[in-house]
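Here the structure comes first, spelled out in structure tokens, and everything after it is commentary.
Here, residue 1 is the first one in the sequence, and each next residue gets the next number.
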Amino acid sequence: NSKAFCAASHNLYLKLIQPFADIIQTRKITVIPDGKLSYVPFDALLTEMPDTSGLVQFNQLPYLIRNNTINYAYSANLLFKFNQTQRKAKKRLLAFAPKYSSDTIVFENEKLVLVPLPGVQREVELIAEKIKADLFKNEFATEKNFREQNMNYDILHLAMHAFINDSLPAFSRFAFSQNNNDQPLNDGWLNTADIYNLDLNARLTVLSACNTGSGNLKKGEGVMSLARGFLYAGCPTIVMTLWEVEDNAGTKIMSSFYQNLKKGRPADEALRLAKLNYLDNANPRMAHPHYWLGYVSIGNTQPLFRSYDFYFFGLLMLALAGIAADQFIRLKRTPKK
């Protein structure tokens with residue numbers, strides 16, 4: 001209901017943000033949510049109440065994301081701890097995109113349907129055009145390959161199915177390529193408990209799968225999500241999803257996100273710009289928040305790449321040094337009168 005969304009979104013803005021609007025202005029906001037606020041993506045809070053008497057134009061609404069970059073953290077302690085952590089892997093990016101065939105898998109007495117995700121193959125290919133990457137697609141996107149390779153990369157990208165177990169959060173899991181293997185380390189399933197035991201060198205993990213940031217809310221702990229496991233495994237920055245991602249929209253947002261990341265933008269700012277780019281180019285129906293709002297960033301906000309400005313000023317300084325050296329040599333060669 002578009003009218004109800006606009007009313008609720010603006011009311012939340014009035015309660016949570018507007019009292020501090022003079023302080024916040026256009027600054028970056030880090031949200032450490034409590035309780036049910038953990039499920040709220042602040043990007044879509046409306047700074048003004050739009051006219052809802054007619055058809056709501058979702059690509060023209062005054063979202064908070066138009067003014068502010070918004071990042072999230074589970075706690076202040078974790079946020080500042082990871083801001084002081086220095087880690088760097090030798091290789092740049094590792095991406096996984098399995099191929100599914102609508103198989104129904106019975107796993108631990110639970111029926112899981114692996115419907116095809118045709119967009120994930122294109123998604124990782126577009127990412128590889130932006131950043132040097134090693135891709136594991138189709139039957140090569142196995143749990144075994146991920147376990148063997150993950151510690152060697154600076155960025156991890158998982159584009160696949162994820163299944164949430166609210167009653168037993170430790171058994172929420174990612175679905176890699178299914179190879180009918182019964183070995184625990186290569187059965188095609190990576191659960192939250194497995195992730196906690198990884199030792200990651202990555203500075204960024206992108207979980208482009210459904211519901212990777214959602215889960216059961218534990219009092220005093222927050223949301224017990226799959227993304228939380230990567231944070232505790234040593235990765236300081238996570239991009240995750242709050243609900244099921246639409247294939248085509250997700251591909252566009254992720255492609256734009258990595259392009260911004262390569263320009264030296266921090267993950268939260270790169271994601272903001274990717275969402276705004278999607279909004280600017282989507283038709284009114286596909287601009288509905290369901291399609292773009294689900295992606296959020298959590299944790300450290302330091303850039304992973306040097307900005308183009310850095311290289312420009314570097315070249316400029318070299319050029320000035322060259323001119324100065326040339327002038328010095330010319331002066332030395334000029335005979336004294």
Side-chain angles (χ1 to χ4, degrees), residues 87-100 114 116-163 173-179 186 188-190 194-195 198-213 226-227 229-231 233-241 244-263 265 267 270-271 274 294-299 303-305:
R87 56 178 68 233
K88 181 75 178 289
K90 295 180 180 179
K91 298 182 181 180
R92 180 57 77 182
L93 191 149
L94 176 67
F96 279 75
K99 184 178 181 180
Y100 307 110
L114 300 177
L117 295 174
V120 298
Q121 316 295 327
R122 180 60 178 156
E123 179 177 314
V124 296
E125 290 168 359
L126 286 172
I127 292 169
E129 292 176 4
K130 306 289 188 300
I131 297 175
K132 184 178 180 181
D134 291 327
L135 307 183
F136 286 81
K137 300 187 295 182
N138 304 325
E139 68 273 14
F140 298 104
T142 63
E143 178 193 3
K144 182 174 183 290
N145 283 334
F146 177 77
R147 286 180 178 274
E148 291 176 350
Q149 298 291 331
N150 66 77
M151 72 291 295
N152 300 321
Y153 289 84
D154 195 32
I155 303 172
L156 304 176
H157 185 97
L158 302 184
M160 59 184 64
H161 277 302
F163 296 93
R173 58 182 70 89
F174 289 97
F176 288 80
S177 289
Q178 301 298 298
N179 51 13
N186 191 31
W189 302 97
L190 185 75
D194 296 328
I195 298 167
L198 298 176
D199 185 15
L200 300 177
N201 289 313
R203 291 184 293 166
L204 169 65
T205 298
V206 179
L207 304 176
S208 187
C210 298
N211 301 300
T212 52
L226 278 164
F230 285 92
L231 200 66
C235 184
T237 309
I238 314 291
V239 172
M240 60 188 189
T241 59
E244 293 183 1
V245 176
E246 199 275 329
D247 221 13
N248 187 47
T251 298
K252 292 178 180 178
I253 291 172
M254 283 293 99
S255 176
S256 182
F257 167 74
Y258 278 100
Q259 187 173 4
N260 296 326
L261 202 66
K262 190 176 181 181
K263 292 179 180 178
R265 305 284 191 179
L271 187 59
Y295 286 99
V296 296
S297 64
I298 185 167
L304 276 69
F305 294 82

Give the C-alpha distance, both sets of side-chain angles, the deciding distance and a yes or no for side-chain contact (heavy atoms from CB on, under 4.5 Å) between V296 and M240. CA-CA 6 Å; V296 296; M240 60 188 189; 3.7 Å; yes
Does any N or O in the side chain of T241 come within less than 3.5 Å of the main-chain N or O of A209, such that one atom is a donor and the other an acceptor? yes
Heavy-atom count check: over 12 atoms from other residues, nucleotides or ligands less than 6.0 Å from E244 CD? no
Does F136 have its ring centroid less than 6.0 Å away from the ring centroid of F146? no
Pair R147 + D194: basic N to acidic O under 4.0 Å: yes
Residue pair V120 / S208, side-chain heavy-atom distance below 4.5 Å: no
Rounded to the nearest 0.5 Å, what separation is found between the NE2 atom of H157 and the CE atom of M254? 6.5 Å
Can you tell which of D134, N201, T205 makes a side-chain hydrogen bond (donor to acceptor under 3.5 Å, both in side chains) with Y153? D134
Would the distance check show the side chain of R203 and the main-chain N or O of L304 forming a donor-acceptor pair, the cut-off being under 3.5 Å? yes
Let me confirm one number: the OH-CG distance from Y295 to L207, rounded to the nearest 0.5 Å. 10.0 Å
For a quick test of reading the model, state the closest non-hydrogen atom pair linking D154 to R92 and the distance between them. OD2-NH1, 3.1 Å
I'd like to check M151 versus L198 (side-chain heavy atoms, cut-off strictly below 4.5 Å). Are they in contact? no
Can you name the closest pair of heavy atoms from L135 and A128 and give their distance? CD1-CB, 4.0 Å
Rounded to the nearest 0.5 Å, what's the gap from OG on S255 to CD1 on I127? Could you check? 7.5 Å
Keeping N186 on the side-chain end and K144 on the backbone end, is there a donor-acceptor pair under 3.5 Å? yes
Working to the nearest 0.5 angstrom, can you tell me the gap between F176 CZ and N145 CG? 9.5 Å
Angle between ring planes, H161 versus Y100, binned at 30° and 60°: parallel, tilted or perpendicular? tilted
Can you find a heavy atom in the side chain of F230 that is under 4.5 Å from one in the side chain of L158? yes
Chi angles and distances behind the side-chain contact (heavy atoms from CB on, under 4.5 Å) call for V245, I253: CA-CA 11 Å; V245 176; I253 291 172; over 6 Å; no
Identify the heavy atoms of F257 and A274 that sit nearest to each other, and give their distance. N-CB, 3.6 Å
Working to the nearest 0.5 angstrom, can you tell me the gap between C210 SG and E246 CD? 10.5 Å
So L94 and N152, do their side chains get closer than 4.5 Å, heavy atoms only? no
Examine distances only and state if a side-chain atom of K262 and a backbone atom of K130 form a donor-acceptor pair shorter than 3.5 Å. yes
Taking L156's backbone N and O only, do any of them form a donor-acceptor pair with N150's side chain (distance below 3.5 Å, no angle check)? no
Have a look at L204 and tell me which of I238, T237, L93 forms a side chain to side chain contact (heavy atoms under 4.5 Å, CB included) with it. T237
Contact summary for I195 and A233, nearest pair of heavy atoms: O-CB, 3.3 Å
Taking all non-hydrogen atoms of both residues, which atom of A159 and which atom of V124 are closest, and how far apart? CB-CG1, 4.4 Å
Shortest non-hydrogen pair, A175 vs L114, comes out as CB-CD2, 3.8 Å
Could you check whether any side-chain N or O of S177 sits under 3.5 Å from a backbone N or O of P98, counting only pairs where one atom can act as donor and the other as acceptor? no
Between the CZ atom in R265 and the CD atom in Q259, the distance rounded to the nearest 0.5 Å is 11.0 Å
